[in-house]
There are 2 protein chains.
Amino acid sequence: MGDRGGSGRPAARPATIKDVAAAAGVGIATVSRVFSGGSVSAATRERVLAAAGDLDYRPSAVGRSLKLQRTGGIGLIVPDVTDPFCADLIAGVLECARTFGEHVLLDAAHGDAGREAAIADRMMEQRVDGIIVVPEGDPAAWHSVVGAGGWVVSVDRVLPGPPDVLTVLIDDRAGVRALVEYLVGLGHRRIAFLGAASPGAPTGVREAAFRDTLAQLGVAVDEDLVVAARPERDSAYAAAAGLLQRRAGASAVLAAGHLIGEAAVLVARELDLRVPADVSIAMVGDVSWAELCDPPLTAVARPGHDAGYRACELLLRDRTRARGGPVLLPTELVIRGSCGPPRRA
Amino acid sequence: MGDRGGSGRPAARPATIKDVAAAAGVGIATVSRVFSGGSVSAATRERVLAAAGDLDYRPSAVGRSLKLQRTGGIGLIVPDVTDPFCADLIAGVLECARTFGEHVLLDAAHGDAGREAAIADRMMEQRVDGIIVVPEGDPAAWHSVVGAGGWVVSVDRVLPGPPDVLTVLIDDRAGVRALVEYLVGLGHRRIAFLGAASPGAPTGVREAAFRDTLAQLGVAVDEDLVVAARPERDSAYAAAAGLLQRRAGASAVLAAGHLIGEAAVLVARELDLRVPADVSIAMVGDVSWAELCDPPLTAVARPGHDAGYRACELLLRDRTRARGGPVLLPTELVIRGSCGPPRRA
DNA sequence: GTGAAAGCGCTAACAT
DNA sequence: ATGTTAGCGCTTTCAC
């Protein structure tokens with residue numbers, strides 16, 4: 001029965017276990033038992049519950065955490081919550097955390113190493129049970145978190161250094177390979193690589209996979225066709241425009257991330273290039289608009305939700321096991337209409 | 001100097017204020033002062049800091065929260081983190097929370113009233129300083145949270161009942177009105193309304209605004225052209241297909257949300273309707289793909305980031321003020337290429 | 001400037 | 001089955 005005055009509220013500070021005990025005429029231990037599942041006689045339990053109801057009592061997780069030395073919270077740090085991959089990741093973590101009865105502290109580092117470290121610090125002070133992170137900052141900072149007794153799982157990035165950090169990876173190597181093979185199979189020999197990507201997308205392994213696969217297939221890489229951009233919209237756009245404008249003779253473009261893929265699509269349209277007649281376009285990261293643009297974009301789907309789920313599982317269930325290298329999650333090549341045979345020269 | 005054994009770690013439990021005090025040869029009060037900014041002689045501070053560094057000491061937020069009766073955390077509950085509007089909202093809350101030095105507990109309710117209430121409960125037990133929510137569940141549950149002494153701000157929904165919940169709204173009414181006026185100005189008289197929407201998009205006020213504006217403009221509403229779908233992809237698709245297939249003679253389609261807008265675009269393409277030659281399409285919610293599809297979609301942009309930021313500000317700064325009705329945020333009509341004059345019959 | 005001690009809300013060991 | 005008590009890590013009076 002909260003007293004809700006007219007304006008400026010009473011801010012009645014919440015009832016404590018003591019209040020309930022007094023109201024029910026029992027000891028505080030009994031109240032505790034009622035709420036944490038000890039054995040209490042039915043009659044007493046009834047009285048306690050009634051009193052608790054009257055007082056609007058909610059056990060304080062703060063008190064409990066202090067006693068138990070464990071908060072039941074996990075930290076999640078992503079580069080950018082509005083990135084579709086990150087959003088999927090978050091959803092996965094949330095879903096898994098729920099099954100373990102844990103809650104999630106979220107923050108975004110936006111590629112700022114200092115901020116990332118500060119967030120981690122704060123989460124450690126909050127005594128989270130572990131941290132899941134898509135790290136973009138200083139690897140040393142993360143090893144030191146582990147050194148301080150923390151548990152961390154790195155998603156979509158491998159942290160150089162001692163293998164004290166659990167890791168969940170997405171098999172971009174295989175994804176890019178499949179895509180390149182598909183393109184080459186279509187007849188393409190001059191394939192451009194637009195590097196750099198969305199947050200959550202280290203371009204290094206993708207470029208390496210691009211080069212390796214081409215080499216394996218006996219196709220030469222034209223360095224003029226390998227371009228890099230920073231993971232911002234305008235940089236991506238500039239890079240794509242630079243490549244497509246000079247018409248270096250690419251018959252296909254592989255965009256290493258959805259941001260740069262978006263740029264490629266936009267630039268192609270602006271240049272009145274028909275897709276895939278004039279140029280084929282494909283990208284890594286199967287975001288929702290891939291199906292919406294015209295023609296729909298062929299893309300390598302990356303399982304962000306699974307990655308988040310597995311990372312959380314790793315943290316909460318498989319800690320001891322975890323020795324045994326990174327978890328590697330498969331990608332899927334989603335073929336749509338944006339790639340076709342190259343135009344006959 | 002954390003002892004990192006070979007496998008299965010020591011799990012050295014973190015140093016406490018006592019450990020530091022002992023190591024530095026001072027009282028715990030002094031250590032506390034060093035870390036919470038009390039007055040301490042430079043020499044002592046030095047010693048304490050050194051000891052703390054050795055022990056890898058981090059003040060426990062749990063201990064502090066218990067003492068201070070305030071955790072510095074705020075709860076955020078959205079329908080679905082992967083929805084672009086929700087993602088923007090989250091980003092806004094995160095940004096504002098940072099400036100106040102607060103952290104954020106996130107969870108998703110997925111339209112499940114029971115889950116929403118359970119999440120709120122848990123957050124209250126965590127003793128968050130307040131909760132920001134895009135409520136889809138039982139309004140009574142939220143009023144009772146307030147009754148229990150909690151602070152809640154509702155975003156993008158108005159909760160019926162006593163005005164004890166702070167509110168941040170987006171002016172969809174004006175947004176839809178602008179869009180309808182634009183369409184009518186183009187010459188359209190038979191405008192279809194595809195209702196239901198993404199999470200974070202109550203369709204009611206949009207439909208009302210649609211009808212009102214049309215009435216004001218002296219244009220009759222054909223009930224056959226007003227269709228509703230549930231906020232899932234297939235339901236949206238079915239609704240759009242139903243409408244467009246029977247060719248009820250709509251010259252323009254107003255999709256009330258991005259999910260149903262997506263469906264409209266897809267269906268139009270499938271039916272080989274040219275946009276905007278055969279049919280104009282516009283939607284509420286300016287998601288990133290609007291610019292990517294062909295032609296780019298005219299849309300009403302909804303300021304999710306701002307909404308989140310303002311909600312957080314309201315919670316953290318303006319509590320007392322807050323009397324004075326909901327905060328209302330403006331939308332913006334973003335005109336692209338998907339709408340044109342109706343085809344001459 | 002610094003230390004001793006109380007107490008925040010809770011759980012668990014121990015006593016009854 | 002239930003009550004008493006200690007103590008989790010911290011801040012903050014109150015003495016000195």
Side-chain angles (χ1 to χ4, degrees), chain A residues 11-49 51-52 55-73 122-129 148-149, chain B residues 11-49 51-52 55-73 122-129 148-149:
Chain A
R13 76 131 178 50
T16 78
I17 199 172
K18 252 191 244 175
D19 301 327
V20 178
V26 301
I28 60 169
T30 300
V31 178
S32 174
R33 284 184 196 107
V34 168
F35 283 93
S36 10
S39 72
V40 186
S41 81
T44 317
R45 152 166 288 123
E46 218 50 45
R47 287 225 312 290
V48 170
L49 254 17
L55 298 170
D56 241 324
Y57 170 70
R58 299 182 180 298
S60 160
V62 180
R64 176 186 302 140
S65 295
L66 184 58
K67 179 67 196 177
L68 262 27
Q69 293 292 70
R70 142 162 225 304
T71 59
R122 165 126 200 193
M123 286 180 173
M124 289 302 284
E125 293 192 353
Q126 294 293 330
R127 297 294 191 264
V128 293
D129 296 342
Chain B
R13 75 132 179 51
T16 77
I17 198 174
K18 252 191 245 175
D19 302 326
V20 177
V26 302
I28 61 170
T30 301
V31 178
S32 174
R33 286 185 194 106
V34 168
F35 282 92
S36 9
S39 72
V40 185
S41 80
T44 316
R45 153 166 286 123
E46 218 49 44
R47 288 223 314 289
V48 170
L49 253 17
L55 297 172
D56 241 325
Y57 171 70
R58 298 180 180 299
S60 161
V62 180
R64 175 185 303 138
S65 295
L66 184 58
K67 179 67 195 177
L68 263 28
Q69 293 292 72
R70 141 163 226 304
T71 59
R122 166 128 200 191
M123 286 180 173
M124 289 302 284
E125 293 193 354
Q126 295 292 329
R127 297 293 190 265
V128 292
D129 296 342

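Since this is a predicted model, take the numbers as computed values, not measurements. Within every chain, numbering begins at 1; the chains are lettered A, B, ... in the order of the sequence lines, protein sequences first and strands thereafter. Values below: all heavy atoms of this structure, side chains included; hydrogens, waters and symmetry mates excluded.
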*Gly25(B) or Leu66(B), whichever maps to the more 5' nucleotide of DNA chain C*: Gly25(B)

*Shortest non-hydrogen contact from Phe35(A) to Pro59(A)?*
CD2-CG, 3.9 Å

_Considering every strand and a 4.0 Å limit on heavy-atom distances, what is the contact class for Leu68(A): base, sugar-phosphate, or nothing?_
sugar-phosphate

*CD1 of Ile17(B) versus P of dA5(C): gap in Å, rounded?*
16 Å

_Whether Ser41(B) contacts dT2(C) is assessed here as follows: a side-chain N or O lying under 4.0 Å from the phosphate OP1 or OP2. Is that the case?_
yes

*What distance separates Ile17(A) CD1 from Thr30(A) OG1, expressed to the nearest 0.5 Å?*
9.0 Å

*In Å, rounded to the nearest 0.5 Å, how long is the span from CZ of Arg64(A) to CD of Gln126(B)?*
8.5 Å

*asked:* Show the nearest heavy-atom pair for residues Ala23(B) and Ala51(B), with the distance to one decimal.
replied: CB-CB, 3.9 Å

*Any side-chain N or O of Thr30(B) less than 4.0 Å from the OP1 or OP2 oxygen of dT2(C)?*
no

*Between Lys18(B) (NZ) and dA5(C) (P), how many Å, whole number?*
13 Å

*Give, ordered by number, those residues of residues 32-40 of chain B having at least one heavy-atom distance below 4.0 Å to an atom of DNA chain C; if nothing qualifies, reply none.*
Arg33(B), Ser39(B), Val40(B)

*asked:* Need the bend value for the helix from dG1(C)-dC16(D) to dT16(C)-dA1(D): angle between end axes, 5 pairs each end, nearest 10°.
replied: 40°

*First locate atom CG of Asp19(A), then atom CG of Asp56(A), and finally report the distance between them rounded to the nearest 0.5 Å.*
12.0 Å

*Checking all strands, does Gly63(B) fall into the base, sugar-phosphate, or nothing category for heavy-atom contacts under 4.0 angstrom?*
base

*How far apart are the closest heavy atoms of Arg127(B) and Pro14(A), and which atoms are they?*
NE-CG, 4.0 Å

*Considering just the side-chain nitrogens and oxygens of Arg64(A), establish if one lies under 4.0 Å of OP1 or OP2 belonging to dT11(C).*
yes

_For atom CZ of Arg58(A) and atom P of dC10(C), their distance in whole Å_ = 12 Å

*Hey, does Ser65(A) reach any base, or is it just sugar-phosphate, or nothing, if we go heavy atoms under 4.0 Å?*
nothing

*So, is Gln69(B) close to the dG9(C) phosphate, meaning a side-chain N or O under 4.0 Å from OP1 or OP2?*
yes

*Between Thr71(B) and Ser65(B), which heavy-atom pair has the shortest distance, and what is it?*
CA-OG, 3.5 Å

*What's the shortest heavy-atom distance between Val48(B) and Ala24(B), and which atoms?*
CA-CB, 4.0 Å

*Walk along DNA chain D from 5' to 3' and tell me the first and last nucleotide with an atom closer than 4.0 Å to a non-hydrogen atom of chain A.*
dA1(D) to dG9(D)

*If you round to the nearest 0.5 Å, how far is NZ of Lys67(A) from CG of Leu66(B)?*
12.5 Å

_Closest non-hydrogen atom pair between Gly38(B) and Arg45(B), with its separation_ = O-NH2, 3.9 Å

*If you measure from CD1 on Ile28(A) to CZ on Arg33(A), what distance do you get to the nearest 0.5 Å?*
10.0 Å

*Spacing between Lys67(A) atom NZ and dG7(C) atom P, to the nearest angstrom*: 18 Å

